[in-house]
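What follows is a short report on a single structure.
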Amino acid sequence: MATESTPVQIDTNGESAAAAPGGEQKPQRERRQHTPPEELYDLTKPIPKESKPDKAAHDAEIEGINSAIDSLKDEKSKLQTKIDNALQSNRSTAAGQEREGIKSLRVQKTKLITEKKALQSSLQAIRNKTDNLMNNRKAAKANIRFSDVKKIDEEIGKLKNRQETTSMSLAEEKSLIKEIESLQKSKDLVATFKLTDASIDDAKLQRKLIGEQLKAKDAEIDAVQVLIDEKGQILDAMKSEQSEYRDALDAMKKERESLKQKIGDKMKERSDARDAFREANNKWYDFQRAIKAQRKMRYEEEKKKREEEDRQRQAEWEAEEAKKIPYEEEQLLCTFLSDYLTRTYVSAESEKKEETKKANFVAPKDDPFAGFKPRQKGGDEEYLQVGKGKKKPRVRASKKKAAVPFKLTVDVFEQFGVLGLSPPTSVEGVPKSIEELNEKKEWFSKQPRGSVPTASDIRKANVKEAQKLAGDKTSSKKNGKIDISSSDFAPLSAGASASAMNATWGQKTAEEDIVVEAAVDSGVEPVEASA
């Protein structure tokens with residue numbers, strides 16, 4: 001979409017738009033200075049709608065005006081051809097020849113006047129030069145006593161004779177010597193007077209010659225003027241005979257002026273139409289800018305409102321957090337991991353608790369249900385049995401006493417990493433990890449609020465770091481298959497290696513094995529969860 005700030009190219013219908021007569025560049029239209037929307041509209045209220053002007057209708061209107069201008073120009077061109085033909089035919093008549101003669105004489109007179117002006121300029125320059133020479137000579141003569149070299153030599157001889165024959169003081173003798181030196185210098189100055197006089201005489205001679213040339217030019221100009229007057233009288237006598245021709249020529253010239261006026265009116269109409277379209281277009285663009293400014297203002301207001309609400313919610317959240325125990329989540333996580341490791345891998349402790357439960361069990365006396373067995377679902381309610389009966393289900397040996405394999409999930413690795421601890425890598429390291437978890441829980445309970453990062457802060461930092469490195473990592477695929485042993489699948493804690501974690505990838509945990517074994521003992525077929 002073209003903006004209204006782009007200069008509009010004005011069609012001149014055959015007239016030169018690239019350059020004005022004389023090679024001067026046509027001035028470009030100045031860019032319109034946009035008025036801020038705040039000064040045009042009240043952005044707090046609904047803005048009156050401005051319709052976008054129809055560019056196609058405007059172009060059609062301009063095209064119609066251009067067609068009318070072209071038609072008028074064609075008519076004017078034809079009329080100008082008639083005028084030129086009439087003038088050309090008139091030149092072949094006696095009056096035309098006299099008129100052409102007057103034109104040539106006037107050109108000759110103009111040339112003579114130009115030459116006379118050049119001679120006058122030369123005469124003035126020579127006159128100024130002569131005046132300067134005479135003024136310089138006059139000023140030089142005012143500073144010397146003698147204007148002849150012979151007289152200067154005689155005066156120098158007298159002064160020298162006086163110096164040789166008369167006794168005088170030292171000061172008088174110095175003054176006499178200075179006078180002699182001054183006379184010696186004046187001899188050179190007097191010698192230049194002759195050159196100056198020669199120049200002045202030459203300038204006077206040139207002035208005389210130029211004066212004679214001016215008189216000759218005046219005579220030539222007067223002669224040409226006499227010829228012009230004579231031909232003018234002859235032409236005036238012929239005017240009565242060409243009255244009909246002149247009336248027809250004047251009528252065509254008036255018609256040409258009328259066409260010229262119509263063309264000017266059409267061009268003004270075209271300019272007015274363009275100005276009206278430009279004004280409407282500018283109003284529409286001002287309306288668009290005002291709408292954008294109003295949306296931006298409303299967005300800023302809503303943004304400030306949202307920020308204020310966010311600050312209020314943050315303050316409420318901080319107030320709620322202040323009511324909680326510092327680092328309660330981290331302490332609960334330590335307790336959960338400690339209980340999970342104890343329950344899963346510390347088997348001796350579990351057996352001790354089971355024996356304690358059996359020892360504390362008190363058998364009921366005179367139990368009315370002694371000797372009874374629970375009824376199995378699906379059994380035969382009749383006591384008469386014919387034949388061998390149904391085949392009893394195969395009972396496998398219980399695996400409850402089997403050693404629990406050491407396996408940790410990815411979530412456990414992540415939770416240990418959040419707490420800043422290293423997870424155990426074997427069953428032997430479980431007690432140490434439980435002890436570290438208890439110490440960490442005790443350490444968290446003594447920390448003031450905000451002294452160390454929380455688990456939530458650490459998780460957010462890990463997510464940001466992973467997103468930052470996601471664009472720099474290369475693909476972990478090898479030959480179209482995913483390689484989980486690469487560095488892309490590094491463990492989340494610093495204490496475990498990628499190979500230790502990847503060794504347990506996709507395997508069942510110890511709790512899952514126990515659940516499966518219990519299902520087998522109860523006669524229920526276990527179902528594996530799909531990955």
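Keep in mind the model is a prediction, meaning the values are calculated, not measured. Numbers here simply count residues along the sequence, with the first being 1.
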Discussion item. Show, in sequence, the C-alpha distance, side-chain angles and deciding distance for Asp59 and Lys55, and conclude whether the salt bridge (Lys or Arg N to Asp or Glu O under 4.0 Å) test is met.
Written reply: CA-CA 6 Å; Asp59 292 340; Lys55 183 70 166 57; 3.0 Å; yes
Worksheet item: Quick one: does Thr454's side chain get under 4.5 Å of Glu329's, heavy atoms only?
Response: no
Item to complete: Taking all heavy atoms of Ile65 and all of Lys266, pick out the closest pair and write down the distance.
Response: CG2-O, 3.5 Å
Worksheet entry | Any donor-acceptor N or O pair under 3.5 Å, side chains Asp411, Gln415 | no
Worksheet item: Are Asp275 and Arg278 close enough, and set up right, to give a salt bridge (Lys or Arg N to Asp or Glu O under 4.0 Å), and what steps lead you there?
Response: CA-CA 5 Å; Asp275 292 340; Arg278 189 181 299 108; 2.8 Å; yes
Fill in: Side chain proximity check, Lys303 to Glu300, heavy atoms < 4.5 angstrom
yes
Worksheet item: Can you check whether Tyr327 reaches Val452 side chain to side chain, under 4.5 Å on heavy atoms?
Response: yes
Discussion item. So which atom in Pro53 and which in Trp284 form the shortest heavy-atom distance, rounded to 0.1 Å?
Written reply: CD-CB, 4.2 Å
Worksheet item: Do Ser271 side-chain atoms and Met267 backbone N/O form a donor-acceptor pair below 3.5 Å?
Response: yes
Worksheet item: Taking atom NZ of Lys208 and atom CD1 of Ile126, what is their separation to the nearest 0.5 Å?
Response: 14.5 Å
Item to complete: Please tell me if the side chains of Ile210 and Arg207 come closer than 4.5 Å, counting only heavy atoms from C-beta onward.
Response: no
Worksheet item: In Å, rounded to the nearest 0.5 Å, how long is the span from CG of Leu79 to CE of Met252?
Response: 7.0 Å
Discussion item. Donor-acceptor check, side chain of Glu330 to backbone of Ala455, threshold 3.5 angstrom: yes or no?
Written reply: yes
Worksheet, complete the sentence: In Glu318, Glu320, Gln312, the residue satisfying side-chain contact (heavy atoms from CB on, under 4.5 Å) with Glu316 is Gln312
Worksheet item: Quick check: are there more than 12 heavy atoms from other residues, nucleotides or ligands sitting under 6.0 Å from CZ of Arg449?
Response: yes
Practice prompt. Quick one: closest heavy-atom pair of Leu333 and Arg459, and the distance?
Written response: CD2-NH2, 4.5 Å
Worksheet item: Going by the ring pair (Phe, Tyr, Trp, His ring centres under 6.0 Å) test, which pairs reach into residues 201-235, not counting sequence neighbours?
Response: none
Worksheet item: Any donor and acceptor pair, going by atom type alone, linking the side chain of Thr110 with main-chain N or O of Arg106 inside 3.5 Å?
Response: yes
Discussion item. Less than 3.5 Å apart, any donor N or O on the side chain of Arg127 or Gln124 sitting next to an acceptor on the other?
Written reply: yes
Discussion item. Checking the side chain of Gln213 only, and the main-chain atoms of Lys116 only, is there a donor and an acceptor separated by less than 3.5 Å?
Written reply: no
Worksheet item: Do Arg289 and Asp286 sit within salt-bridge range, that is, some charged N less than 4.0 Å from a carboxylate O?
Response: yes
Worksheet item: Would you call Lys460 and Ser456 a side-chain contact if the rule is heavy atoms closer than 4.5 Å?
Response: yes
Discussion item. How long is the straight-line distance from CG of Asp229 back to CD1 of Ile102, given to the nearest 0.5 Å?
Written reply: 9.0 Å
Worksheet entry | Rounded distance (nearest 0.5 Å) linking atom CD of Gln80 with atom NZ of Lys260 | 10.5 Å
Item to complete: To the nearest 0.5 Å, tell me how far Lys78 NZ sits from Asp74 CG.
Response: 6.5 Å
Worksheet, complete the sentence: Separation between NZ (Lys109) and CD1 (Ile228), nearest 0.5 Å, reads 5.5 Å
Fill in: Residues Arg306, Glu309: salt bridge by 4.0 Å N-O rule
no
Worksheet item: Under 4.0 Å between a Lys/Arg side-chain N and an Asp/Glu carboxylate O for Arg311 and Glu308?
Response: yes
Worksheet entry | Side chains of Gln314 and Asp310, donor plus acceptor under 3.5 Å | no
Worksheet item: Just wondering, do Tyr41 and Pro48 contact through their side chains at under 4.5 Å, heavy atoms?
Response: yes
Worksheet item: Which atom pair, heavy atoms only, marks the closest approach of Ala273 to Glu61?
Response: CB-OE2, 3.8 Å
Worksheet entry | Neighbour count above 12 (heavy atom, 6.0 Å) for Lys217 NZ | yes
